[in-house]
Amino acid sequence: MELLSNKKELILKLMMKQINLSEFLCQFGDGSGVLDLCKELTIAREAKDAELVDLLLYLSAVVKFDYYDVDILNQLVTDTWHQKHEEIVRLLDHYRQPSSVNPLYEAALLNLDYRDYDEDFILANKCIRVLEKIQDQNAIEKMELLASADNELIRQYAQKHLNRVRR
């Protein structure tokens with residue numbers, strides 16, 4: 001756990017501009033200067049460390065990390081112990097992989113305590129938008145399932161996006 005604390009501390013130092021990116025890269029991970037955020041997110045996920053997930057997602061934006069393994073994002077989007085679902089959906093939108101269809105469908109239906117304020121079901125809408133962009137048969141089938149969901153807003157979002165796919 002001390003190792004995870006050190007990683008968080010280093011990312012915070014980078015955020016506060018107490019160290020520059022090259023210093024950070026020399027000190028983070030194995031010291032080789034190679035940054036593998038897929039591996040780091042996997043470690044954070046295994047530890048269920050929501051703060052580290054948050055910091056790693058920030059770091060990935062700073063260094064414009066290219067996720068070679070979208071599977072870690074697929075796993076994180078359905079995990080309920082963190083609060084970065086919208087950010088992960090945004091990343092999945094960038095990659096638009098067929099492997100993300102089922103996790104996006106599941107995420108659209110998540111009932112997350114921290115999103116109690118979300119009366120408009122924005123997370124679900126964002127998931128459905130990405131499903132529309134993926135547009136394979138599985139994505140269309142998941143949108144059809146969402147179009148018959150119990151929640152009226154989710155049904156409306158899914159139907160709207162299905163209509164766009166079918167044009």
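Just the heavy atoms: all of them, side chains too, but no hydrogens, waters or symmetry mates, feed the values below.
- Side-chain atoms of Ile134 and Gln97, non-hydrogen and from C-beta on, never get closer than 4.5 Å to each other.
- Environment of NZ in Lys39: sparse, with no more than 12 heavy atoms of neighbouring residues, nucleotides or ligands closer than 6.0 Å.
- Using cut-offs of 30° and 60° on the angle between ring planes, the pair His85 and Tyr114 is parallel.
- No donor-acceptor distance shorter than 3.5 angstrom exists from the side chain of Arg155 to the backbone of Ala147, with no hydrogens or angles considered.
- Residue Phe24 comes nearest to Leu35 through the heavy atom pair CE2-CD1, 4.4 Å, listed as atom of the first residue, atom of the second, then distance.
- For the pair Ser100 (side chain) and Arg96 (backbone), a donor-acceptor distance under 3.5 Å is absent.
- Without hydrogens or angle criteria, Asp120 side chain to Ile122 main chain gives no donor-acceptor distance under 3.5 Å.
- At least one side-chain heavy atom of Leu153 sits under 4.5 Å from a side-chain heavy atom of Gln156.
- Rounding to the nearest 0.5 Å places CD1 of Ile140 at 5.0 Å from CD of Gln137.
- The closest side-chain heavy-atom distance from Asn102 to Lys142 is below 4.5 Å.
- Within the 4.5 Å cutoff, the side chain of Phe28 has no heavy atoms near those of the Asn6 side chain.
- Atom CG of Leu73 sits about 7.0 Å away from atom CG of Leu41, to the nearest 0.5 Å.
- Nearest heavy atoms, Cys38 versus Asp69: SG-N, 3.6 Å.
- The distance from atom CD1 of Ile88 to atom CG of Asn74, rounded to the nearest 0.5 Å, is 10.0 Å.
- Here the side chain of Glu23 pairs a donor or acceptor atom with the backbone of Asn20 at under 3.5 angstrom.
- In this structure, CG in Asn125 is found 6.0 Å from NZ in Lys160, a value given to the nearest 0.5 Å.
- Atoms CG and CG, from Asn111 and Leu123 in turn, are 11.0 Å apart once rounded to the nearest 0.5 Å.
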Exercise. Given side-chain contact (heavy atoms from CB on, under 4.5 Å), test Val89 with Asp93 step by step and report yes or no.
Key: CA-CA 6 Å; Val89 170; Asp93 184 15; 5.5 Å; no

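- Asn163 and Gln159 form a side-chain donor-acceptor contact under 3.5 Å, judged by distance and modelled atom types alone.
- Between Ile128 and Tyr105 there is no side-chain heavy-atom pair separated by less than 4.5 Å.
- A donor-acceptor contact closer than 3.5 angstrom links the side chains of Asp71 and Gln75.
- The backbone N or O of Tyr67 lies less than 3.5 Å from a partner atom in the side chain of Tyr95, making a donor-acceptor pair.
- Asn151 has its side chain out of reach of Leu109: every pair of non-hydrogen atoms, C-beta onward, lies at least 4.5 Å apart.
- At a threshold of 4.0 Å, the pair Arg129-Glu132 does not count as salt-bridged, since none of the basic side-chain nitrogens sits closer than that to a carboxylate oxygen.
- Considering every non-hydrogen atom in both Trp81 and Lys48, the closest pair reads CZ3-C, 3.5 Å.
- With respect to the salt-bridge test (charged N to carboxylate O, under 4.0 angstrom), the residues Glu144 and Arg166 qualify.
- The distance from atom CG of Leu76 to atom CZ of Arg45, rounded to the nearest 0.5 Å, is 6.0 Å.
- Under 4.0 Å is where a charged nitrogen must lie from a carboxylate oxygen, and between Glu86 and Arg115 at least one such pair does.
- Contact check for Val77 versus Leu110: no side-chain heavy atoms found under the 4.5 Å cut-off.
- No more than 12 heavy-atom neighbours from other residues, nucleotides or ligands sit within 6.0 angstrom of CG on Asp150.
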N/O donor-acceptor pairs under 3.5 Å from side chains in residues 50-59, not counting sequence neighbours:
| residue | atom | partner | partner atom | Å |
| --- | --- | --- | --- | --- |
| Glu51 | OE1 | Lys8 | NZ | 3.3 |
| Asp54 | OD1 | Lys84 | NZ | 3.3 |

Self-check item: Worked check of side-chain contact (heavy atoms from CB on, under 4.5 Å) between Leu37 and Ile72
Solution: CA-CA 10 Å; Leu37 293 179; Ile72 185 60; over 6 Å; no

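- With a 4.5 Å cut-off on side-chain heavy atoms, Gln135 and Val165 count as touching.
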Self-check item: Glu9 and Lys13: CA distance, side-chain angles, deciding distance, side-chain contact (heavy atoms from CB on, under 4.5 Å) verdict
Solution: CA-CA 6 Å; Glu9 187 177 313; Lys13 283 183 177 180; 3.9 Å; yes

